[in-house]
There are 2 protein chains.
Amino acid sequence: MQGSARAFKFVAGAAGPWSILSCEAVRGDPLPRAARLQLLRGDAPVSDSTVAWTLRGVTSNERYTARREKELLQARQESLGRAGSTRAALIPVRKTAEWWALPQDERRAILEERSRHIAIGLDYLPAIARRLHHCRDLGDEEPFDFITWFEFAESDAPAFEELVGRLRATEEWTFVEREVDVRLARDGRA
Amino acid sequence: MQGSARAFKFVAGAAGPWSILSCEAVRGDPLPRAARLQLLRGDAPVSDSTVAWTLRGVTSNERYTARREKELLQARQESLGRAGSTRAALIPVRKTAEWWALPQDERRAILEERSRHIAIGLDYLPAIARRLHHCRDLGDEEPFDFITWFEFAESDAPAFEELVGRLRATEEWTFVEREVDVRLARDGRA
């Protein structure tokens, strides 16, 4: 948790440190083409005629993670912004109304007991760093429910491909009705 | 769930069908005094110089409710807007950072296995109708985490008093750091 600064914006357009390598609709509508991406903190609106699209989300409490899983995650995960993390992925997802109508215990059973979502993510720590942002409860007009931002070294790009492949093959993913997969790169930092 | 219209605003000031009978800070800062309250749908901003305060929230999926509990709730609960519901309560609550840092299984254990929050609410159905609105993930500046709106007949006001008294005596409520209790009345409708 980051205290009172939990709101983030992903702004695609002509500016930003991240170069967009690809932007593919995995399911449902695509996002408009853009050259670069910047991450901004806070929930002030962005006014810039070069902006192709903006997605916003808020980091929040865990919805499914149990104590033992949280401890494993905390022991293994590394933070965003590592010097060697020159690759990133931005994956916004929207789930179906059927998913959201399920009670908490059934969503947990599908997500972890049957789909191993948390366990699969653990397999790729600390290489693949990530931050989950929630959008579904921002208001009536949000196009996605979640945005996950991943950072990793170029040499871990094949591992990232395996991670998203495993997640997309799960029962949980049968409840995904829209998903876009944006891949990005930036210059390495000393 | 209400499709795409999940955002609500509670606007206190000079206008609205509900007359504010009392507005007490149970814990933490109070809300400014006002005469009347209106409920609005949607997330457009309100611009009216007579407004004393506005709270906003979004209805969402259940965070803790299991299948058997959801079925009991759906079988017993009645909707808002009943002709006989001439009394209401608006109770915004904020929980501590410690609460939000707990993993999902521990929050569930405190809320239901130890505090019986869902079971207590069931005891007062269908008399006390309610709608829960989430605010914590709206952005960085929200004063509360939840807003619950309750409606009931004047003759059920003592039962409502008992309901909130039982909830405030639970272990869950030791994690509440701000709570305001607004009581309201309106003319009966044929």
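Letters A, B, ... mirror the listed sequences (proteins, then strands); counts begin at 1. Basis for what follows: all heavy atoms, side chains included, without hydrogens, waters or symmetry-related copies.
Using cut-offs of 30° and 60° on the angle between ring planes, the pair B:W149 and B:W18 is perpendicular.
Ring-centre distance between B:F150 and B:F160: below the 6.0 Å cut-off.
Among B:E142, B:R108, B:E62, B:R63, the residue with the largest count of heavy-atom pairs under 4.5 Å with chain A is B:R63. Comparing B:E69, B:H134, B:E71, B:R107 by heavy-atom pairs within less than 4.5 Å of chain A, the highest count is held by B:R107. Each of A:R56, A:R67, A:K70 has some count of heavy-atom pairs under 4.5 Å with chain B, and the biggest count is that of A:R67. With chain A as the partner, the residue from B:L138, B:D137, B:L102 showing the most heavy-atom pairs under 4.5 Å is B:D137.
Note that CG of A:L90 and NE2 of A:H133 are 8.5 Å apart. Values are rounded to the nearest 0.5 Å.
With a 4.5 Å cut-off on non-hydrogen atoms, A:A66 touches chain B through its backbone and its side chain both.
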Is there a side-chain contact (heavy atoms from CB on, under 4.5 Å) between A:F146 and A:R94 once you walk through the steps?
-> CA-CA 7 Å; A:F146 315 99; A:R94 187 174 70 220; over 6 Å; no
Please test A:W173 against A:E179 for side-chain hydrogen bond (donor to acceptor under 3.5 Å, both in side chains), starting from the C-alpha separation and ending with a verdict.
-> CA-CA 10 Å; A:W173 242 253; A:E179 178 178 8; 2.9 Å; yes
